[in-house]
Amino acid sequence: MKKIKLTYCVILTMIISLCLVACGEKEDVVEMVELESGITAIHVDHHERTVYGDAYIPETESFPLVIFSHGYNGYKDDFKESAEYLMDNGIASITFTFCGSGGRDPSGFGTTNMTLFTEKEDLSAIIDYAKQIKGFNGSLYLLGGSQGGMVSAMAAEERATDIKGMVLLFPGFCIPDDWSNTHYPIDRYPTAESIPESIDFWGVKLGRNFVLTMRDLDIYANMADFQNPVLIMHGTNDTIVPISCSQRAAETYPNAELITYNGEGHGFTPGTMRDVETKLLAFVCGEDNDI
């Protein structure tokens, strides 16, 4: 009798399992992305728009990966040389163009639709894509310059468990203050209602949501929640983003280092960028001792 009951239980369990599979009650299977070594054009669809970029894959079976985020009115090739340098040293990377970032963006997403938060969505989609690349060893790093540094920091707040470390070049942490009603341009936009539908700024036509959505954004508020290493680099002669923004960030992140470059402005000279790349390589290799 016991054997009959046991057999019945086994059969019943098998039937239930088959029914669950038939009904779709099973774990999602992550579809891996296979890319050849070298530079490959990629695109990632999300939120009814498409992000275009390039993947730089080294000739190794396993590798960490760095995601580069460009600054205001930039595009994917702004970090092309840095990505090639990493690839030659066994580290993968992705460069991409934020949707709506400017005239070099092929996505068709209007610049008047772009905000810091749409850019954060773009970066988050690239993070999800990177995690599916075959050979990726699970160590993911962000590097952002200027506005791309601001967006990287915003993404890190939400994706801390996915990001092993972050490098920020003259990060635009002053952007919310620059557009708030207590700073620049107070004479034009003292209230939310006074923000026009479009704003021509530094060669890009912005929409009012670019300003409106960041009026209450405090990037420093949750910095302490990101516990992983952060390397910040800033020039002493930066007239666009005060170095005090990076100094405050270095004091707020629990595990941060600030490197200053004497005489450098907002954007580094080629010689300084070579030093940045060397320090970036050491940063990633220091965290990934198996490279």
Side-chain angles (χ1 to χ4, degrees), residues 67-76 78-79 82 95-102 104-105 111 114-124 126 142-159 163 166-186 189 199-207 209-223 226 230-253 256 258-261 264-268 272-273 276 280:
I67 299 176
F68 290 92
S69 294
H70 65 74
Y72 184 83
N73 199 13
Y75 81 128
K76 64 181 180 64
D78 289 353
F79 287 112
S82 299
T95 67
F96 69 99
T97 304
F98 283 112
C99 295
S101 60
R104 292 171 291 184
D105 165 41
T111 60
M114 182 270 291
T115 70
L116 295 181
F117 295 91
T118 65
E119 291 199 344
K120 182 180 70 171
E121 291 173 347
D122 292 344
L123 177 52
S124 186
I126 293 293
L142 302 183
L143 184 147
S146 192
Q147 183 166 301
M150 175 67 164
V151 174
S152 295
M154 292 169 63
E157 290 184 1
E158 292 185 356
R159 307 292 299 263
I163 300 165
M166 185 163 54
V167 177
L168 305 174
L169 311 183
F170 36 88
F173 294 145
C174 64
I175 293 174
D177 286 340
D178 287 347
W179 293 95
S180 75
N181 60 346
T182 58
H183 197 69
Y184 169 82
I186 186 172
Y189 316 130
I199 305 162
D200 290 320
F201 184 73
W202 288 0
V204 178
K205 179 174 284 189
L206 304 172
N209 274 342
F210 180 84
V211 180
L212 189 62
T213 55
M214 74 169 83
R215 288 175 79 85
D216 297 321
L217 176 60
D218 181 1
I219 189 60
Y220 297 98
N222 299 311
M223 277 186 179
F226 188 77
V230 178
L231 181 60
I232 307 173
M233 305 183 194
H234 210 124
T236 59
N237 286 2
D238 193 331
T239 59
I240 304 299
V241 177
I243 196 170
S244 58
C245 293
S246 288
Q247 291 168 337
R248 181 181 175 186
E251 294 170 355
T252 306
Y253 281 116
L258 172 62
I259 297 175
T260 60
Y261 289 99
E264 289 285 348
H266 193 69
F268 293 150
T272 296
M273 276 306 300
V276 167
L280 170 61

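For the numbers below, each heavy atom of this structure counts, side chains included, while hydrogens, waters and symmetry mates do not.
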> Taking only residues two or more places apart in sequence or in another chain, which ones pass side-chain hydrogen bond (donor to acceptor under 3.5 Å, both in side chains) with T272?
Replying inline: E264, T269
Measuring from atom [atom1] of [X] to atom [atom2] of [Y], what distance do you get when rounded to the nearest 0.5 angstrom?
X: D177; Y: I219; atom1: CG; atom2: CD1; answer: 11.5 Å
X: F268; Y: L169; atom1: CZ; atom2: CG; answer: 5.5 Å
X: E157; Y: N222; atom1: CD; atom2: CG; answer: 4.5 Å
X: E119; Y: Y72; atom1: CD; atom2: OH; answer: 10.0 Å

> Does NZ or CZ of R248 lie under 6.0 Å from the centre of the six-membered ring of Y220, at an angle within 45° of the ring axis?
Replying inline: yes
>> Tell me if the centroids of the rings in F210 and F201 come within less than 6.0 Å of each other.
In response: no
For [Y], does its backbone N or O pair with a side-chain atom of [X] as donor and acceptor, under 3.5 Å?
X: D122; Y: C99; value: yes
X: S146; Y: G172; value: no
X: D78; Y: Y75; value: yes
X: S124; Y: K120; value: no
X: T111; Y: K205; value: yes
X: R159; Y: M154; value: no
X: H70; Y: F98; value: yes

If you take all heavy atoms of [X] and [Y], which pair is closest and at what distance?
X: G74; Y: S101; value: O-OG, 3.5 Å
X: G144; Y: S152; value: CA-OG, 3.7 Å
X: A153; Y: F173; value: CB-CE2, 3.7 Å
X: T118; Y: M114; value: OG1-CA, 3.5 Å

> So do the side chains of F117 and L217 get within less than 4.5 Å of each other, counting heavy atoms only?
Replying inline: yes
>> With heavy-atom distances below 4.5 Å as the criterion, would you say the side chains of V230 and L168 are in contact?
In response: yes
>> Before you tell me yes or no, could you show the steps for Y261 and V276 under side chain to side chain contact (heavy atoms under 4.5 Å, CB included), namely the whole-Å CA-CA distance, both residues' side-chain angles and the distance that decides it to 0.1 Å?
In response: CA-CA 10 Å; Y261 289 99; V276 167; 3.8 Å; yes
> After noting the C-alpha distance and the side-chain angles of T115 and M214, does the key distance pass the side chain to side chain contact (heavy atoms under 4.5 Å, CB included) rule?
Replying inline: CA-CA 8 Å; T115 70; M214 74 169 83; over 6 Å; no
>> Is there a side chain to side chain contact (heavy atoms under 4.5 Å, CB included) between L142 and L123? Walk through the geometry before answering.
In response: CA-CA 10 Å; L142 302 183; L123 177 52; 4.3 Å; yes
> Residues in salt bridge (Lys or Arg N to Asp or Glu O under 4.0 Å) with E121, at least two apart?
Replying inline: R49
>> Is there a side chain to side chain contact (heavy atoms under 4.5 Å, CB included) between L143 and F79? Walk through the geometry before answering.
In response: CA-CA 10 Å; L143 184 147; F79 287 112; 3.8 Å; yes
Enumerate donor-acceptor pairs with a distance under 3.5 Å from any side-chain N or O in residues 232-239 to protein atoms, sequence neighbours excluded.
unit_1 : atom_1 : unit_2 : atom_2 : d
H234   : ND1    : S246   : OG     : 2.6
H234   : NE2    : D238   : OD2    : 3.1
H234   : NE2    : V241   : O      : 2.9
T236   : OG1    : N262   : OD1    : 3.4
T236   : OG1    : G263   : N      : 2.7
D238   : OD1    : I240   : N      : 2.9
D238   : OD1    : V241   : N      : 2.9
D238   : OD1    : H266   : ND1    : 3.2
D238   : OD2    : H266   : ND1    : 2.8

